[in-house]
Structure formats: C-alpha cells, structure tokens
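Report on the structure given below.
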Protein chains: 2
Amino acid sequence: MSRPPTTQQFVLDELRKAILSGELAPNQPIRQDSVARRLGVSRVPLREALKTLEAEGQVVYRPHRGYTVAELSLEDLLEVYRLRELLETEAAHHATRRAETAELERVAAEHRAVAEAAEREDLVEMIAANRRFHFALLEPAGMPWLMRVIRTLWDATDAYRAVYYNSVDNRGRVLAEHEAILRAAWERDGTELARLLHAHRQHAVAALRDTMPPPSGGSATHGPEGRSHRTHSDGQSPAPGHHDAGPPPFPEGSGQE
Amino acid sequence: MSRPPTTQQFVLDELRKAILSGELAPNQPIRQDSVARRLGVSRVPLREALKTLEAEGQVVYRPHRGYTVAELSLEDLLEVYRLRELLETEAAHHATRRAETAELERVAAEHRAVAEAAEREDLVEMIAANRRFHFALLEPAGMPWLMRVIRTLWDATDAYRAVYYNSVDNRGRVLAEHEAILRAAWERDGTELARLLHAHRQHAVAALRDTMPPPSGGSATHGPEGRSHRTHSDGQSPAPGHHDAGPPPFPEGSGQE
DNA sequence: CAACTGTATATTGGATCCAACTTTGCGCCG
DNA sequence: CGGCGCAAAGTTGGATCCAATATACAGTTG
C-alpha cells in the first residue's frame, strides 16, 4: 500500500474520492483546518491540492473566503457534456484510424471490468472502470493535449457522477451502449462510432435532467468565473488499492440548505 | 494601480508575464527560493501560483524535482492550435447568433487597440490586445466552460507567442485578418467567420513552423503525460524571440545548454 | 424596531522553520 | 583510468506560527 510520493498527491486523491462519493457535496465550503486534520496533514499540501482542483473546476475559490465544492447548474452540465461530445468525437475519429489491436483489446478488457463491477454493484469501481473504458478508447488518437482537456471535463462533473450510476436502468444501458461502441471501434467505423457516442451522451444528459435537483438557494450559475483566468489540469493516478474505506466521513454539514 | 488582493495572484501575474516575455524560457528550471526572493514574497504563494500554471500546462512539475517551464514540441503546438480552431469555431458559431451590438463594438474597440499597439511597436500590449480581441469575439456565445478551455489553450502556448509578433509581416497580416473577421462578425456570417478563423490559424501555424527549431531532438511527443507524474524535460529548446526587456531579468541561466 | 457600527471570533493568507529527497562531488576500489 | 558508493550540499516538501481579512454578534443610535 505505497502511498503517493508526496502528501499533496495523497490529499488530492482523497479529495477527488470525497467529491466523487458525495462526501463533499456541491456548494459545501471546505474548511481547511478541519479537512487537513482529518487527513492527518497540514494545510499546506491541502491548499496545493485545492489549487489543482480549482483549475479543474471542481472547486471554486474566492480570495479570503476559501474554497467551496463547485455547484454546477443544469446549464453547466449540459455545456460540459456538449463539449465532451465535440472533443471525444474528434478523438474517436483519429483513434479508430490508428488503434492497434492491443489497444482495442485494452478497451474490451475495460468493458468487461465495467460489466463485472456492475454485477457486483460496486458503484465506485464501475465509475472508475467506465472512465478507463472511455479513455482507452480515445487514447490511441495520440493527442495528449486533447486527452488532457477531455480529462478535465470529466473531472469537472465528478460531483454529479454518482447519481447516474445509482439507477439500475442507467447501468444496464451503459453496458449495452459500450458494447455497441466497442464493436464499432473494432470495425473501425468512425461514423458509426460518432453516432453511438452522441447517443451515449444524449442518454446520459436525459438521465441527468431527471436526477438534477432544483438549483439550491445559492447563486445559480457557478462554474468558471469571469475573473482573469485559471483553468484545468491533468489528474493523476486514482491510487491503486485502498478500497475498504475505514476512515470516518468528512466534516461539515451538506452546506446547501 | 492596486495590487492584486492576494500575493498568489500577484505572483501568478508576474510569472505569466515572465513566461510570455521569455524571461522564463522553455525547459528552464524554476528555483523557488530564487524567484520568491526576487518577487519579495515567500515560497508558499509562489508554489500555489505554480500549481495553477501546472494545471494550465505552462509549467511541468515533477515531485521532489520542482517545476520547469514547459517545453512544447512542434507537434504539441500544432495540436493545441488545432484544438483551438475546433473550439473557437464552435464558440464563434454561437457568438454570431447571439452577439449584441454593444458586444460587437467591444470587439471593434479591441481591434483598434491591437492596431494602435502595432503602430507603437508595443509587442506586449499587442499580444494582450490580440487576446482580448479574440475573447471579445467569442464571449457572446455565453458558454463559460468552453471559454475556460479555450483560455487554457491560449495560456499553454504563451511561452511561444512572442516569436510570432516579432515579425512585422505577421503583425500586418494579423491586422488585416482581424478586420475581415470583424466584418464577418458584424454581418453575422458564421460560415465566413469559420473560414476566416481557419485561415487565421493556418497562417499562425505556418509562421510557427518557420520559427520553430528542427523537430528532431529528444523524445517526440511531449505535452501532457498519461497520468501520475509527467516527464517533460530533456531535449533542446527553441529559445524564442525574447526581445530585451526593461526590468531586471529573472534569475538563473537559460537552463537549456 | 430597523439599521448601523464597532468589536470579537473564525478562517484564510503568508512567512519561517525543519525534514525529506535528489543531486553532486569526492574518495575508494576494481 | 573508469565505475561504484558514500557523504555533503542544494532544493523541494511539509508543519507550525503569526498576520490579515471576512464574518457574526452585540450594543447603540436614529
């Protein structure tokens, strides 16, 4: 159980998991002292990790007021998904032309991993495997900057991902659609692949519309500010191993009442 | 001229300027202690600013080895420009449909600012105004996440921007093309606008090809790595324009010999 | 009674200090 | 003479401490 090489990485991983799991809910203020103590670290590496998350759009920072988990309006989510489709279609187009057999087999393997996780009702692993599936599909495009942007867009919606996989219907649909996507990839049918990705995204968006709660009292459109500028980043390893979450839940109340 | 509300912001601005001007050249290691002292701050806000730049791809971080200014291969630059075209075309498409008159006048104003800066041979201001021009053009699309991504892609190539504007030919071309773009925007001709943006980008890329060093050298595809740690360094570097500046230069040698 | 102001408290921002790691240089051995 | 290993220096990573700012709460005043 080798811990990450630096504490910031460790903290970053933990924060990602906390956001993904809902432990840190949208709009919730992140009390540095509290979180740092819970993780058994000082505030310095925590703040560096938060800066990374800020760049990814997962948390919002206001000087002297601290960080809060980003709250995305439905419009925000729709926009992010739309951008993902635009970019992933582009990536898929190139990937289908260049993918080696070994790479395609990797995609197939991830597909099985998703299925298996669904079988076990292991939501966390299903989400992770789903992500690996999609990235394995696009990686052969050999466009690192494009991948980086796509990765950021995935990260940006992490706080809203779990809802989707709570639904058994959605889980089943995801599997079926992945299979079709996989087939199109094997046959190197870029057009069909684009069509499938579009449908895949459409269904996800439709599911989101249903599960999204009415915008909380806070200011509506959060997301990126008009400020000077800041942006995203590339993540890093999802930290192998370390399942069994023993540690107690995160601090603070939901923050959105 | 009030200083930014926080020191990190101040440091971030200074670092951006230093990278843009070439004071901090690609592949150059950033000695925290040295830079911090020069700016008259401690290392903490510096490190937070560096984290932001890392997320934007302007600097590369390797645990325990520190930050270096990102070195982009020609392939990297081409990919970034290609992505920008894809995304900016999308944004422009929406912007032309929604832009208010006031917004278009803002674009026109920025166009004049670019022209005036070119007149005065004020490269720094010309680069800044050029950026404002393009963003004013796209902003009316009302897609904050898209703008955010585009902003990042601009930032990512900041270290290589100055070269372009060193050429008088390029400066003239930029102005002429901006004017055409502006006209298409006024006439809300999305198709024509897309065509012009494409050409605009093509010319920029062509100019880049000339000024970039031989593509050979170290490992090919640089840019962002998969996950975990990055490996960027190595190889040679272009050492772009980097016209003499007034203020005292940054610390350290070029770091690329 | 509402609005305002001054003060107390909670929280973030920054600086300094110490520890961990990486790199460099020297001496030793083959 | 070249390669290896160990030690010292330089640099980054993290923790603690203090300062600055925002927020909450009284008390006061119109």
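Keep in mind that this is a model prediction, so the values were computed, not measured.
Rounded to whole Å, atom C1' of D/dC17 lies 13 Å from atom CG of A/D33. As rounded to whole Å, 15 Å separates atom P of D/dG14 from atom CG of B/L46. Residue A/L50 contributes atom CG, which lies 15 Å from atom C1' of D/dG14 at whole-angstrom precision. Atom CG in A/L12 sits about 12 Å away from atom P in D/dG14, given to the nearest Å. Note: CD (A/Q32) to C1' (C/dT11) measures 8 Å, nearest angstrom. B/R43 places its CZ atom 15 Å from the P atom of D/dG10, with the value rounded to the nearest Å. Look at CZ on A/R31: it is 15 Å from C1' on C/dG13, rounded to the nearest Å. If you measure from atom CZ of A/R65 to atom C1' of D/dA20, you get 14 Å, rounded to the nearest angstrom.
A donor-acceptor contact shorter than 3.5 Å links the side chain of A/R161 to the backbone of A/W154. The main-chain N or O of A/T6 is never found under 3.5 Å from a side-chain atom of A/Q9 such that the two would form a donor-acceptor pair.
The side chain of A/Q8 lies closest to D/dG13 when the candidates are C/dG14, D/dG13, C/dT12. The side chain of A/T6 sits closest to D/dG13 out of D/dG13, D/dT21, C/dA15.
Residue-to-nucleotide proximity on DNA chain D shows that, of B/G66 and B/V44, the 5′-proximal contact is made by B/G66.
Between D/dG14 and A/T7, a contact under 4.0 Å exists linking OP1 or OP2 to a side-chain N or O. In this structure, B/Y67 does not reach the D/dG13 phosphate: none of its side-chain N or O atoms is under 4.0 Å from OP1 or OP2. Contact between the side-chain N/O atoms of A/S42 and the OP1/OP2 oxygens of D/dA15 is found at a separation under 4.0 Å.
Judged by distance alone with a 3.5 Å cut-off, a donor-acceptor contact links the side chain of B/R47 to the base of D/dG14.
Each of A/L146, A/L153, A/T152 was compared with A/I150 under the side-chain contact (heavy atoms from CB on, under 4.5 Å) criterion, and only A/L146 meets it.
For the pair A/R148 and A/W145, the cation-pi test (distance below 6.0 Å, angle within 45°) is passed.
Closest of all the heavy-atom pairs between B/A113 and B/R132 is CB-NH2, 4.0 Å.
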